[in-house]
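Step one of this worksheet: look at the structure below.
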Amino acid sequence: MLNFPYITMPLPEWIGPVVAKVFAKMCDDTTGHDFLHAVRVMELSASIAEELHADVDIAAAAGLMHDYYRKEEKLTGQLHFGLEAIAELRREFGSLIIPEIGEKAFDNILDVITLHESYNTNTVLSLDAQILQDADRLEAIGAVGIARTFMFGGAHGLPMIEEEQKSIVSAFDPNVPPNGSVHIHFYEKLLKLADGMHTAPGKRMAEQRHQVMTAFLKQFESELGLSSPVVTALK
């Protein structure tokens, strides 16, 4: 097992330098997209891949690297899933990964990362892309998801609740910078994620985590005298 915090699964020796690079970049993040998040998505991805007999190396590496440019996103206000970010991932990690698992597998990792925040239901996803999406979305719901949501809101200056109650809110759009309130974010995005899971393991784990989140929201709204808004469909 690599000598880094939070890692609980055995990892191949080749991924050690990749873990070190991700740790150095993300260890002090305070948005909920920190090294702990990277490790948890890595391990969830690897677990799902193993159950589905998919490529565990691709799943683990994609999970580990998927949020590598979150700091740049917060600093610049620009989303980090574009071609320029993928080119940077190739530059920073290609020499570490390609000699170990090959260029085709590395290209697959980058393709998977490109699609991990896609909410277009018309997009056909490979199994590897489905696995990363499910793992990342599992991290956004349940008890950990609730905690990360409030971390993200605080880091981006979002209020806990809106000043005036909204009866209808728009669906989440990953191309729009963070806005609104933490409360609204549950409805615009997080409560929709369980229904969007792709894999059988993802659906199974999401069901229990979704129940945790809905129970929290019921108590949260009761204490604050809030009502539940209606949200348009997730794209």
Side-chain angles (χ1 to χ4, degrees), residues 1-11 15-49 58-82 85-86 88-89 92-93 96-97 109-110 112-118 131-160 172 174 176-182 185-186 188-190 193 202 205-206 209 212-213 216:
M1 189 180 299
L2 298 175
N3 188 26
F4 290 96
Y6 313 125
I7 297 175
T8 63
M9 64 178 283
L11 291 172
I15 206 170
V18 181
V19 175
K21 198 170 182 66
V22 172
F23 176 77
K25 179 77 173 287
M26 302 179 70
C27 64
D28 61 350
D29 180 274
T30 57
T31 71
H33 298 92
D34 53 8
F35 183 68
L36 172 60
H37 172 62
V39 168
R40 285 177 57 81
V41 174
M42 175 184 72
E43 296 196 345
L44 281 167
S45 294
S47 175
I48 294 171
I58 288 174
L64 180 64
M65 296 161 54
H66 79 285
D67 272 341
Y68 189 72
Y69 290 112
R70 280 287 185 175
K71 282 187 177 180
E72 285 80 357
E73 178 180 301
K74 186 173 185 294
L75 289 172
T76 65
Q78 297 177 344
L79 294 174
H80 66 297
F81 313 119
I86 297 303
E88 283 298 299
L89 283 174
E92 290 205 49
F93 290 96
L96 297 177
I97 297 177
I109 291 167
L110 298 184
V112 167
I113 292 172
T114 303
L115 294 169
H116 88 271
E117 275 278 11
S118 172
I131 288 169
L132 179 59
Q133 277 202 3
D134 279 9
D136 193 33
R137 293 176 181 187
L138 284 169
E139 264 284 278
I141 58 179
V144 170
I146 292 167
R148 291 183 60 239
T149 300
F150 283 93
M151 286 184 70
F152 181 84
H156 287 277
L158 305 182
M160 188 166 66
F172 175 72
V176 175
N179 64 89
S181 69
V182 174
H185 190 58
F186 282 98
E188 68 181 5
K189 178 182 179 182
L190 306 183
L193 295 182
M205 287 185 276
R209 296 183 188 213
V212 169
M213 189 165 55
F216 166 80

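Starting from 1, each residue takes its place in the sequence as its number. What you see is a predicted model; the values in this text were computed from it and never measured.
- In this structure the side chain of Met151 never reaches within 4.5 angstrom of the side chain of Asp29, judged on heavy atoms.
- Closest non-hydrogen pair, Pro5 versus Val39, comes out as O-CG2, 4.3 Å.
- Looking at heavy atoms from C-beta onward, Leu193 lies out of side-chain contact with Arg209 at the 4.5 angstrom threshold.
- Nearest approach of Tyr68 to Glu92, heavy atoms of both residues: OH-OE1, 3.0 Å.
- At most 12 non-hydrogen atoms from other residues, nucleotides or ligands lie less than 6.0 angstrom from OH of Tyr6.
- Ring geometry for His185 versus Phe152: interplanar angle under 30°, hence parallel rather than tilted (30 to 60°).
- Using a 30° and 60° split on the angle between ring planes, Phe35 and Phe23 fall in the perpendicular class, above 60°.
- Checked against the 6.0 Å centroid threshold, His37 and His66 count as a close aromatic pair.
- Considering all non-hydrogen atoms of both residues, Leu138 and Ala206 come closest at CD2-N, 3.5 Å.
- Going from atom CG of Asp67 over to atom CG of Asp136 covers 6.0 Å, rounded to the nearest 0.5 Å.
- Side chains of Leu44 and Met205 form a contact here, defined as non-hydrogen atoms less than 4.5 Å apart.
- Here the straight-line distance linking atom CZ of Phe93 with atom CD of Glu88 works out to 11.0 Å at 0.5 Å rounding.
- In terms of heavy-atom proximity, Gln133 sits nearest to His116 at CG-O, 3.7 Å.
- Here the shortest heavy-atom pairing between Ala38 and Val22 reads CB-CG1, 4.2 Å.
- Atom CG of Leu96 is separated from atom NZ of Lys21 by 6.5 Å, given to the nearest 0.5 angstrom.
- Using a 4.5 Å heavy-atom cutoff, the side chains of Glu43 and Ile7 are in contact.
- The minimum heavy-atom distance between Met9 and Ala46, with the atom names listed, is CE-CB, 3.5 Å.
- Partner of Ser45 under the side chain to side chain contact (heavy atoms under 4.5 Å, CB included) criterion, chosen from Ile131, Leu64, Val112: Ile131.
- Between the CZ atom of Arg148 and the CD1 atom of Ile141 there is a distance of 11.0 Å, given to the nearest 0.5 Å.
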Which is it for Met65 and Ile97 under the side chain to side chain contact (heavy atoms under 4.5 Å, CB included) test, yes or no, and what are the steps along the way?
-> CA-CA 12 Å; Met65 296 161 54; Ile97 297 177; 3.7 Å; yes
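- We find the CD1-CG distance between Ile48 and Asp134 to be 5.5 Å, quoted to the nearest 0.5 Å.
- One finds the OG1 atom of Thr114 at 11.5 Å from the CD1 atom of Ile109 (value rounded to the nearest 0.5 Å).
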